[in-house]
Structure formats: C-alpha cells, structure tokens
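Below is one structure, written out as structure tokens; the observations come after it.
Please read these numbers as outputs of a predicted model, since none were measured by experiment. Residue numbers begin at 1 in each chain, while the letters A, B, ... track the order of the sequences.
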There are 2 protein chains.
Amino acid sequence: MDLFVSLFVNKIDKKGRISLPSLFRSVLSKGSKNEIILYKSLKSQSIEGCDSKRINEIAKRVNSLDFFSEDQDDFATSIFSEIIPTNLDKEGRFLIPESLKTYAGIASEATFIGQGHYFQIWHPKAAIEKQTRSRNRLVKENKSLSNIILEKKQNDK
Amino acid sequence: MDLFVSLFVNKIDKKGRISLPSLFRSVLSKGSKNEIILYKSLKSQSIEGCDSKRINEIAKRVNSLDFFSEDQDDFATSIFSEIIPTNLDKEGRFLIPESLKTYAGIASEATFIGQGHYFQIWHPKAAIEKQTRSRNRLVKENKSLSNIILEKKQNDK
DNA sequence: TGGGATAATATGGGCGTCAATGGGAATTAT
DNA sequence: ATAATTCCCATTGACGCCCATATTATCCCA
C-alpha cells in the first residue's frame, strides 16, 4: 500500500515531538524517508502533510507560469512560503511548528487521517467530527465517486 | 529539497548583518555557496534574492524577447543594472545594501519568504500581509494544491 | 491452541551539535 | 586615519542523535 490510509491518535511529548504513524512512514518515498512537508490546509483548520516528492511536482507546475506575472508571485508565495519541511528522527518522530499547532487547535494529542496521497493532522475531537461529517455528507447527497468526477468535468468546461 | 521554501524572521545586528536562513543556504548551488544575488522586486516593495545560476536563466529569457523591442531594453536595464551580488560571511550572514533596505522599508528585522527558485525579503509586518493576501486569493478562487496540479495536467493534454 | 518468547511501535529523557546572534580584533578601502 | 568589512570566538537556545522503557503486536513451538 503506497497510500496514506486509516486513522491514528498519537501523543505530543514535552519536547513537542509526535510519532508519524508507522504505516504512514512506510509510504514515504525511498529518497525522502525522513522528510515530510507540512502546511496549513486550505480547506479546514487542520494541518496537511505529504512527502517532498509531491512538492517537487507542484513546484514544476507553478514555475511554468509566466516568469514576471503577479499570478506567479502570488502562487509561489501561498505555496512555497507556507511549506514547512520537517525531518523525522530515528524513531519516526517530528516537531509540529507552533504556528501550525495553533492553526489546528492542537495541544497534547493529535489525530492523523489518511487522505490517499496526503494526510491530515487534526485535534482528536475535531477529527472525529470531520470523519462523521464527511461521511454523512456523502451519504445524504448520494454522491459517488463517479458522480463527483462528472461534476468536476462540468465545472472545468 | 532544492527550493527556497518556508518563512523565517531574522534580526539585523548593529553592524547591519543578517543571517540567511540555514535552509536557504543549503539551496545555493555548490559553486556559489557563499554568494547570493539581490535586487529590487519588480512586483512589490520587497527585495528578491537568488543564486547566480538563476540570473543566467533570466538572462536567457530576456534574450528570447525581440531583440529590438523596448520591452527587451527595459527588462534588461531594470534587471541587470539593479543586480547586487553579495557575499555571505563564514556564519552565513550578509549585508543588505542601504538602498534595498529603504526600498523594502526594512530596519531591525526582516522576513525571508521562500518563492521556489528565488526568495523575497520583506518587512515582517508586510510579509504577513503579503502571505495572507496570496493565501486568500487562492482560497477565494477555490484553488487547492491538488487543483493546481490537476488543472495543469488538463492543459498539458 | 495456549502461552511465553520476540519484535516493533510509541513514548521518555540525557546530551552533544548547530543555527542565530553578539562583539572584539584584524584587514581592507578610501 | 577613518570607516567599512571580514574573521574569529563566545553565548544561547533549539534541535538531532542516542539510549532506555513500555505497551502492543507477531511469532514459534510444545
């Protein structure tokens, strides 16, 4: 499995360290076994994480925009300046920057939620809510993957 | 990670020195480990910096403009004449030229903003504003990192 | 199949190293 | 000579590295 899946609750110790769930560690690409990228989610009060390979892909896209445009500059800022590369120690732990902890309302514990190619870090209580909310919304609106993909194609036109 | 990423606030000491963030130093190409290029941003009241390798790329792009156009001439002037090569000391610090400090309104502290292949130096307060402004723009346009990737992939087809 | 042996994961804490910062002395420029 | 710049050394706090423990999951064998 090369995707971030499942849900884990881990503790933050006195030094501010927290273990990246073992299953998530095994997803990191060989080249960046002990580096992850953190940033504020644009969709919720949570932290998102991924491995650096993913960032390099994004970098290519952003850099292909017009060199001197303000678009390029704004994109670059909101993406590159918000990215926080972080190293895992030998035990697979890392530090969540203070600013991100504040943003996500995290203190002594955090919940990791697998999201496929990335993962999210939530305050434990908020994580449960998010999980049920997501589920309910899908069921109520009778969405299916194929529906969502179709809708997206409509919008893109 | 071979990109300028993240955000750092550093102090300017009595002698006018400021540390280039360690993470930025590690991005500089082997050949120019203690040289950076500074210049006024064309897009905002900030300073931009990069290593000399990038200047060469910019030169290429400017050259590709019509040789006899005024645009080409203007770009060439505003870019090349305003470039200031600067050396880092053994501790990774450098001096921000007075003219650039004035341009960016910087006095006792400065914020480094990663922009991918280059970085910017802002007055701390202005930096936060720029960051939020850029971020809000992304959110408003309902972009997300993954959207940017997807859109680009569409275009690539 | 039960139950202990073994391994892996999450967690705690000591300590050395490095980055950011400060300041005196040496060096260079004007 | 005076001002500016770089070198060198010192300090401080943060972070990485290492080792220890515990709790859980996995394995092995009688």
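In this structure, the ring of A:Phe80 has its center no less than 6.0 angstrom from the ring center of B:Phe4.
Salt-bridge check for A:Asp51 with A:Arg25: failed, with every basic side-chain N at 4.0 Å or more from each acidic carboxylate O. Look at B:Lys40 and B:Glu48 and you find no salt bridge, because none of the NZ, NE, NH1 or NH2 atoms lies under 4.0 Å from a carboxylate O. A salt bridge is defined here as a Lys NZ or Arg NE, NH1 or NH2 lying under 4.0 Å from an Asp or Glu carboxylate O, and A:Asp74 with B:Arg135 fails to meet this definition. Under 4.0 Å is where a charged nitrogen must lie from a carboxylate oxygen, and between A:Glu98 and A:Lys101 at least one such pair does.
Between B:Arg17 and the choices B:Ile12, B:Asn10, B:Asp89, the side chain to side chain contact (heavy atoms under 4.5 Å, CB included) rule is met once, by B:Asp89. No option in B:Thr86, B:Ile84, B:Ile83 other than B:Ile83 meets the side chain to side chain contact (heavy atoms under 4.5 Å, CB included) test with B:Ile37.
Spacing between atom CD1 of A:Ile12 and atom P of C:dG12 amounts to 11 Å, rounded to whole angstrom units. In this structure, the CD atom of B:Glu98 is 14 Å from the C1' atom of D:dA3, given to the nearest Å. At whole-Å resolution of the value, CZ in B:Phe8 and C1' in D:dA14 are 14 Å apart. Between the CG atom of B:Leu23 and the P atom of D:dC15 there is a distance of 13 Å, given to the nearest Å. Distance CZ (B:Phe24) to C1' (C:dA20): 15 Å, rounded to an integer number of Å. Here D:dC15 presents its C1' atom at 15 Å from CG of A:Asn34, a figure rounded to the nearest Å. If you measure from atom CG of B:Asn10 to atom P of C:dG22, you get 10 Å, rounded to the nearest angstrom. Regarding A:Phe94, its CZ atom lies at a distance of 16 Å from the P atom of D:dC17, rounded to whole Å.
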Inset, instruction - Would you sort out whether B:Gln115 and A:Ser81 count as a side chain to side chain donor-acceptor pair (under 3.5 Å), showing the intermediate values? - result: CA-CA 6 Å; B:Gln115 296 276 112; A:Ser81 82; 5.4 Å; no

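Atom-to-atom distance recorded for A:Tyr39:OH and A:Ile79:CD1 is 10.0 Å, nearest 0.5 angstrom.
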Inset, instruction - Using a 4.0 Å heavy-atom cut-off, write out nucleotides 5-11 of chain D from 5' to 3' as B (base contacted by protein), S (sugar-phosphate only) or - (no contact). - result: SBBBB--

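Of the two residues contacting DNA chain C, namely A:Pro21 and B:Leu20, the nearest-nucleotide position lying further toward the 5' end is that of A:Pro21.
Although no hydrogens or angles enter the test, the distance criterion places a donor-acceptor pair under 3.5 Å between the side chain of A:His123 and the main chain of A:Gly105.
Considering only the side chain of A:Arg25, C:dA10 comes nearest among C:dA10, C:dG12, C:dT21.
Using a 4.0 Å heavy-atom criterion, one finds that B:Ser22 contacts the sugar-phosphate atoms exclusively.
End-to-end axis angle of the helix from C:dT1-D:dA30 to C:dT30-D:dA1, using five pairs per end and rounding to 10°, comes to 40°.
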Filtered N/O pairs between nucleotides 28-30 of chain C and protein, under 3.5 Å:
none

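Taking the six-membered ring for Trp and thresholds of 30 and 60 degrees, A:Phe112 and A:Phe24 have ring planes more than 60 degrees apart, a perpendicular arrangement.
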